[in-house]
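Sequence lines set the chain letters: A, B, ... in the order given, protein chains first and strands last, and positions in each chain run from 1.
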Amino acid sequence: MTNARRRSRLLPNAALSVIGPLAFIALWWVAAASSLFPSAVLPAPPAVVAALYEWAFGNPVNGPYSGSLGVAIAASTQRVLVGYLIAAVLGVLIGIPAGYFRVFGRIIDPLIQLLRPIPVTAWVPLSLVFFGFGFKGAIFLVALGSFFPIVVNTIEGVRGANRMLVRVGRMLGANQFQLLTLFILPASLPAIFVGLRVGIGLAWVLVIVAELLSVKSGIGYTLIDAYGVNRYDVVISAMILLGVMGFLSDRIVVAIGSILLRWHREMSIHAD
Amino acid sequence: MPTDVVIRCEHVDRTFETDDGREHAVLQDIELDVRTGEFLVLIGSSGCGKSTLLNIMAGFDKPSSGSVSVLGRPIAGPGPDRAMVFQDYALLPWLDAMHNVEIGLRLQGHPRNERMQTAREVLELVGLGHAMDRPVYKLSGGMQQRVSIARALALKPAVLLMDEPFGALDAFQRGTMHRELQRIWKSTGSSIVFVTHSLEEALVLGTRVVAMSPGHRGMRGEVVLDPEGTRDPLSAAFTELKHELFALVSADTPAASAFLE
């Protein structure tokens, strides 16, 4: 009964999920074909696909938007990766003791609450002054942006972890370090991964901010550079590419999480 | 100190501060020895201080005054010499049964082979030899509590502290666990302090049952049982003991004393 119902719904579900995207592309195509927008400003989907192909596989002698896609992806990805890893390590390293030790939490909490509402984009001028227009500035923005959701969720995770585990750990003879790493950290991982997922999204937002404003390479730089010479086919190509990159990195974080958190997922199924 | 005492409580007081700032004495002048190899049951209604006393023995709580020692050493905090079995099992859900049991030995730096060997032995002792690599959240409540007991036994503690360990189980599972715990206690020669509010559980399991009551801020009296004697809950002798214990536990609650007189 349930099986049959599941199977009968499987196909329509897959069909349902492509309706939105297809409708969006159709709308885009109609708008591009109409006389509302000049085709230079809103190129039709085939023109964008051609630009994307040229960006990826074209001969570099044809110009900056030919055959440079791989380099742009590598540059942006590297910044996201380094900045995000710094944020993840610092977020967990600060979040765990801040959630666990009441005194440390009292000290660190107001600081986080004070700094967090400042949009990370507002840090751009200071970032330029302190870290310059290159790699370091971009890393700073990415790390700062993804740090806050990670640290806040880590603190929440630790505070929400079963207090009984602390008793168990102490009874089993764990020292303070073992208590935090073998008992509190695994128990907080579900919450930490919520933060890591929000963080990876913000990392891509901020790497683009950095590339739009200061750094002279990467997908975001290509986007603003192409805008400067009215190459909207490249602008839209860069947008699509950013969507794909953001989606893929989110999937990677989710995949790592689902491996580490199998117990958590299955436990909630068992509780039903 | 005589060597047959595992835990000694001397003049133990425990006072809590209520929300309006008044002092509320839960335990007052408790004198209690846990003797080697005995199955000591602490029984009483909620608020009688039985769990507080157990937590003090475990080192999770401290007496307001008085002293508690284990094998002659004052208790400074929780430790593997006093292994606790919690009512809600408190297992680590990200580990399988085996690793839940061996983690205590890992923390004390025992080599891997020895840890696995011990874990296997105690899991077999509690009847879980077939489920060692199962994630603990996939086990039934009774099996999870067996893992928790195995985890405690693996520590080779001086005393096993059990805080209403079967409270969350249904009556059938509880009956099975009573027989199992009796068997484990007899085969390991452990000393056990067991907290419950069930008269029947106390008399089925204990060799000595200490009755506690809120009004007396501690102990009311005790019933000593023959370790080899029958524990048939349907026997007349058992019913008589149950009455005796009920009188001890509830003597200071007005309704109950009226009923008994």
Side-chain angles (χ1 to χ4, degrees), chain A residues 92 95-96 99-102 153-154 156-196 253-272, chain B residues 51 54-55 57-61 75-97 99-110 115 119 134-141 143-144 147-148 150-157 159-163:
Chain A
V92 173
I96 287 189
Y100 186 73
F101 299 109
R102 201 174 293 173
N153 279 284
T154 304
E156 282 309 304
V158 172
R159 290 190 179 149
N162 190 351
R163 288 279 113 181
M164 212 48 127
L165 289 177
V166 176
R167 286 192 164 189
V168 171
R170 294 179 65 205
M171 171 199 95
L172 293 172
N175 60 35
Q176 205 66 259
F177 179 75
Q178 291 167 326
L179 206 55
L180 292 181
T181 52
L182 296 175
F183 294 81
I184 299 297
L185 173 65
S188 318
L189 267 189
I192 292 176
F193 263 91
V194 172
L196 286 174
V253 174
V254 169
I256 295 172
S258 72
I259 293 168
L260 289 176
L261 297 175
R262 218 183 87 186
W263 61 273
H264 186 251
R265 200 176 58 245
E266 292 184 356
M267 199 166 74
S268 37
I269 296 168
H270 270 259
D272 289 343
Chain B
S51 291
L54 194 75
N55 281 331
M57 291 179 182
F60 297 139
D61 195 3
I75 290 172
D81 55 343
R82 284 150 292 132
M84 179 85 121
V85 174
F86 300 90
Q87 176 172 7
D88 59 359
Y89 328 132
L91 299 171
L92 310 183
W94 52 90
L95 299 177
D96 61 16
H99 288 88
N100 262 285
V101 173
E102 65 90 49
I103 188 167
L105 301 172
R106 174 143 58 111
L107 295 172
Q108 276 135 66
H110 291 262
R115 278 168 6 218
R134 296 269 300 278
V136 287
Y137 55 80
K138 288 192 176 169
L139 303 176
S140 69
M143 287 167 89
Q144 292 196 38
V147 176
S148 169
R151 173 175 70 186
L153 290 172
L155 301 169
K156 303 214 161 54
V159 60
L160 212 54
L161 307 175
M162 309 185 84
D163 188 9

Using heavy atoms and a sub-4.5 Å threshold, report which of residues 170-179 of chain A line up against chain B, by residue number.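 Within residues 170-179 of chain A, the residues that come under 4.5 Å of chain B (heavy atoms only) are A:R170, A:M171, A:L172, A:G173, A:A174, A:Q178.
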
Let's test your reading of the structure: which of A:H264, A:R167, A:M164 forms the most heavy-atom pairs below 4.5 Å with chain B?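 Option with the top pair count is A:R167.
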
Between A:L261, A:L260, A:L182, which shows the greatest number of heavy-atom pairs under 4.5 Å with chain B?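 Result: the option with the highest number of such pairs is A:L182.
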
Taking atom CZ of A:R102 as the centre, does the number of heavy atoms from other residues, nucleotides or ligands within less than 6.0 Å exceed 12?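 Not buried by this count: 12 neighbours or fewer within 6.0 Å.
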
Is it the side chain or the backbone of [X] that comes within 4.5 Å of chain A heavy atoms, both, or neither?
{"X": "B:D88", "answer": "side chain"}
{"X": "B:L95", "answer": "neither"}
{"X": "B:N100", "answer": "neither"}
{"X": "B:A90", "answer": "both"}

Taking all heavy atoms of B:Y137 and all of A:R262, pick out the closest pair and write down the distance.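 Heavy-atom minimum between the residues: OH-O, 4.1 Å.
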
How close do A:F183 and B:W94 get, heavy atom to heavy atom, and via which atoms?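 Scanning both residues completely, I find the closest heavy atoms to be O-CH2, 3.3 Å.
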
